[in-house]
Amino acid sequence: MRNLTFPVLALAALAACRSSQPGTPTAAASATAASGGAATTPAFRFAVQYPESKKVDHKDDYFGTAVADSYRWLEDLDSPDTKAWVEAQNKVAFGYLEQIPFRDKIRERLTQMWNYERFGIPQREGDALYFSKNDGLQNQAVLYVQRSDGSEGQPNVLLDPNKFSADGTTALAGTYFSNDHRYLAYATSGGGSDWQKLKVMDLQTRQPLPDELQWVKVSGAAWYKNGFFYSRYDAPKAGENQLSGKNEFHRVYYHQLGKPQSADKLVYEDKKMPLGFRTVGTTEDERFLVLYLTDGKADGNRLSVRDLTDPKQATTFTPLISSYEHNNSVVGNVGGQLLVLTNYKAPRYRVVLIDPKKPQEANWKEVLPETEQKLEGVDHVGGYLVASYLKDASSNIKVYTEKGEFKHDVALPAIGTASGFGGRRDSKDVYYAFTSFTYPTTIYKYNLATNTSTVFRAPKVDVNPQDYVTTQVFYKSKDGTKVPMFITHKKGLQLTGQNPTYLYAYGGFNISLTPSFSVARMLWLENGGILAIPNLRGGGEYGEAWHQAGMTPNKQNVFDDFIAAAEYLKVQGYTSTEKLAIAGGSNGGLLVGATMTQRPDLCAVALPAVGVMDMLRYQKFTIGWNWAPEYGTSDNQAQFENLYKFSPLHNLKSGTSYPATLITTADHDDRVVPAHSFKFAAALQAANTGPHPQLIRIDVNAGHGAGKSTKLQIQEWADVWSFAFQNMGVNPYKK
């Protein structure tokens, strides 16, 4: 089933938390905690002279509380002052990084490790097979096509995104094949922006059509007859910054091939609701048009449908689920009935069959009931339902008939993450990817009838995964909640309490942080580092209850879980304060920012990436309003009081010694606008009185992360690892 998944954009610590595990913290950790500041790490010292960040006398009144915003001017991304500040900060940051003696060796080793073939999950369309491949150091993966049976020659290049722009920063952001296999609609994204352009290729001639649709965001292309449905915004108004302006009035249109965008037919809008997403999908038989609506307030979506074969429904949608409180998505259809994945009355999700002619709940038929494991997703393919469950944050794949009769489990090669399994009604074979922390992403071909998997493409990586081991532990958070954590390191590693450790987490937006391979992290591991990834509350690993335990007003639980993970690693002898780095991106950047402002003594290094740092104003930029169900907003008094307690920008305290911090962001990030990181960096540099560097590294012509070129990724990871080792006093290449 294609074009039906609702596109959820996810981004995506305050009170001190003592370890809840038995045992005594290391002497170094105890001494650091007693001092009330970051540990003095025996790192190589470089003098840092920060650029001037002028302060302005600006205050906002929140329900009688005056809140200073001294760096409000940095929100104007186009102003000469902001551009000069960015240039000056980059000069300082790169000047510091260039002095690290082993930085070049790390970059060289990363380049060597990164240079291996990486494949995407293939997609069969008619007698052709389409898949992406990166030869190794290409900035963007290339889309190839070959005969689906693999019998005729080598794959041919269909689209090469490396030719979309001179510097390789324009990415292929999505591919959408027509149901007759004749056309391909594809999305491009420039410089990492969430804004996309939709273009079309004739697959018979392999020539582009003149169609080009702009100002597309949070959308796919749902094919119907000689065109497709899609969603977009109006073009930004004159003088409005397209990368930071608030996005309002999302609309659904139908585009007919060969016609200009100005002729597109409006399908759905709501003039009374400026916020919220309006997205659509079509069933493979093109019978049903499915409409998903969010309101920017609740955490779920409404679900409606139009029978495109019924003249009486030419302009109307039939509501199937009217509440915004739950997540609902159409998996496929069986004749005139729809298979719906929902967490309504099922926090860990279930699949129900709904007849649009009798959509009342009393008429629903349960196909896949809720189980103890979270149902992460379902593919309707080849007459089967392939259900992806999570068992303690790892994949468990089961195959059922369309009626919900169990057929078999899919045997996976190890504990890890399986994804894919998509296809069409006539598919006999499907493809999936399997990965784990030390298992390079491998593509498998799976036969639905015989329940057998064979390797389609296996990468050859310049590391030996057998040299490493991953264990899963369960530790107690501040309130006694058991939290799982994956820990990976070299086999035989001695737990001296002084091992460099990279603690990475996310904890939000119902996102499940499952095992995955990262060649960048392998550099850390091969140099004796430990990788620790806890599955914090706020994520989706155990269903909606686990998610809600980390949402507003319970966000503090997420930070407590993260702090408890760090304390566990110290108590159990993995690491110490002086050898611990905490990291996270987007919502995870908020996690790091909140943790370091609450517990500056917790670690030696903090690595907040593209973080949400100003919790009082995040909703005023681009699609930030969409995060209100997760965080709450400062427009509500009770929610303001909660946000004000942990907002990283507002909890920096002058006279504090903060851990060595490398903030990373990008000038084209229009999801979490870089002003968050800009303001936090300026305030952090002013507040810090310790010896540790407080730097911000700002990528140019890059965005929130998706589509970032290989070159930029290698450069950034080289700087991150160099900074971390440097400020732990570790030279990984010292003989």
Query raised in the report: Can you check whether Tyr224 reaches Val280 side chain to side chain, under 4.5 Å on heavy atoms?
Result: no

Report summary line: In short, Trp546 meets Gly539 closest at the heavy-atom pair CD1-O, 3.5 Å

Report task. Show your reasoning for whether salt bridge (charged side-chain N to carboxylate O under 4.0 Å, His left out) applies to Lys491 and Asp467. Result -> CA-CA 6 Å; Lys491 290 179 179 177; Asp467 292 342; over 6 Å; no

Query - Separation between OH of Tyr176 and CG of Leu198, rounded to the nearest 0.5 Å - result: 7.0 Å

Query - Tyr502 and Leu607, any side-chain heavy atoms less than 4.5 Å apart - result: yes

Requested in this report: For residues Tyr130 and Phe177, establish whether the separation of their ring centroids is below 6.0 Å.
Outcome: yes

Query raised in the report: Run the salt bridge (charged side-chain N to carboxylate O under 4.0 Å, His left out) check on Glu117 and Arg457 step by step: do they pass?
Result: CA-CA 9 Å; Glu117 288 185 333; Arg457 295 287 187 273; over 6 Å; no

**Report entry** Straight-line distance of Phe277 CZ to Asn301 CG, nearest 0.5 Å
**Finding:** 12.0 Å

Query - Residue among Phe229, Phe228, Tyr183 satisfying ring pair (Phe, Tyr, Trp, His ring centres under 6.0 Å) with His255 - result: Phe228

Query raised in the report: How long is the span from the CD1 atom in Ile714 to the CD atom in Glu716, to the nearest 0.5 Å?
Result: 12.0 Å

Query raised in the report: Centroid-to-centroid, Phe456 to Tyr431, below 6.0 Å?
Result: yes

Query raised in the report: Is the closest side-chain heavy-atom distance between Leu129 and Gln146 below 4.5 Å?
Result: yes

Query - Gap separating the CZ atom of Arg348 from the CG atom of Leu375, nearest 0.5 angstrom - result: 11.0 Å

Query raised in the report: When rounded to the nearest 0.5 angstrom, what is the spacing between CG in Leu523 and CZ in Arg107?
Result: 12.5 Å

Report task. Dump the intermediate steps for side chain to side chain contact (heavy atoms under 4.5 Å, CB included) on Val367 and Leu339, then the final yes or no. Result -> CA-CA 8 Å; Val367 178; Leu339 291 160; 4.0 Å; yes

Requested in this report: Can you tell me which residue pairs pass the salt bridge (Lys or Arg N to Asp or Glu O under 4.0 Å) test with a partner in residues 501-519, sequence neighbours excluded?
Outcome: none

Query raised in the report: Quick check: are there more than 12 heavy atoms from other residues, nucleotides or ligands sitting under 6.0 Å from NZ of Lys407?
Result: no

Requested in this report: Might you point out which heavy atoms bring Trp524 and Ala724 nearest each other, and give the distance in Å?
Outcome: CZ3-CB, 4.0 Å

Query raised in the report: Does NZ or CZ of Arg521 lie under 6.0 Å from the centre of the six-membered ring of Tyr504, at an angle within 45° of the ring axis?
Result: yes

**Report entry** Pair Arg425-Asp285, salt bridge (charged side-chain N to carboxylate O under 4.0 Å, His left out): steps then yes or no
**Finding:** CA-CA 9 Å; Arg425 294 171 184 267; Asp285 59 6; 3.5 Å; yes

Query raised in the report: Any side-chain heavy atom of Pro161 sitting closer than 4.5 Å to one from Thr170?
Result: no

Query raised in the report: Within a reach of under 6.0 Å around NZ of Lys403, are more than 12 heavy atoms found that belong to other residues, nucleotides or ligands?
Result: no

Query raised in the report: Hey, what's the ring geometry for Tyr432 with Phe421, parallel, tilted or perpendicular (30° and 60° as the breaks)?
Result: parallel

Query - Under 3.5 Å side-chain donor-acceptor pair for Asn134 and Tyr116 - result: no

Report task. Kindly check if the number of other-residue, nucleotide or ligand heavy atoms within 6.0 Å of CD1 (Ile415) is above 12? Result -> no

Query raised in the report: Do Val378 and Tyr400 come close enough that some side-chain heavy atom pair is under 4.5 Å?
Result: no

Report task. Provide the closest heavy-atom pair for Ser219 versus Ser231 in the form atom of the first, atom of the second, distance. Result -> OG-N, 2.9 Å

**Report entry** Nearest heavy-atom neighbours spanning Asn179 and Thr283
**Finding:** ND2-O, 4.5 Å

Query raised in the report: Given the side-chain rings of Phe434 and Tyr439, with only the six-membered ring counted for Trp, is the space between their centroids under 6.0 Å?
Result: yes

Query raised in the report: Between Thr488 and Thr470, what is the shortest heavy-atom contact and its length?
Result: OG1-OG1, 2.8 Å

Query raised in the report: For the side chain to side chain contact (heavy atoms under 4.5 Å, CB included) test, which of Val410, Asp379, Asp409 pairs with Ile397?
Result: Val410

**Report entry** Residue pair Leu158, Leu203: steps toward the side chain to side chain contact (heavy atoms under 4.5 Å, CB included) verdict
**Finding:** CA-CA 9 Å; Leu158 185 68; Leu203 293 174; 4.0 Å; yes

Report summary line: Of all heavy-atom pairs linking Leu390 and Ser395, the shortest is CD2-N, 4.3 Å

Query - Under 3.5 Å side-chain donor-acceptor pair for Thr342 and Asn328 - result: yes

Query raised in the report: Do Tyr542 and Pro484 come close enough that some side-chain heavy atom pair is under 4.5 Å?
Result: yes

Requested in this report: Taking the side chain as every heavy atom from C-beta outward, state whether Gln138 and Thr710 have any atom pair closer than 4.5 Å.
Outcome: no

Query raised in the report: Mind checking whether Lys225 and Tyr254 have side chains closer than 4.5 Å, heavy atoms only?
Result: yes

Query raised in the report: Taking atom CG of Asp392 and atom CG of Asn535, what is their separation to the nearest 0.5 Å?
Result: 8.5 Å

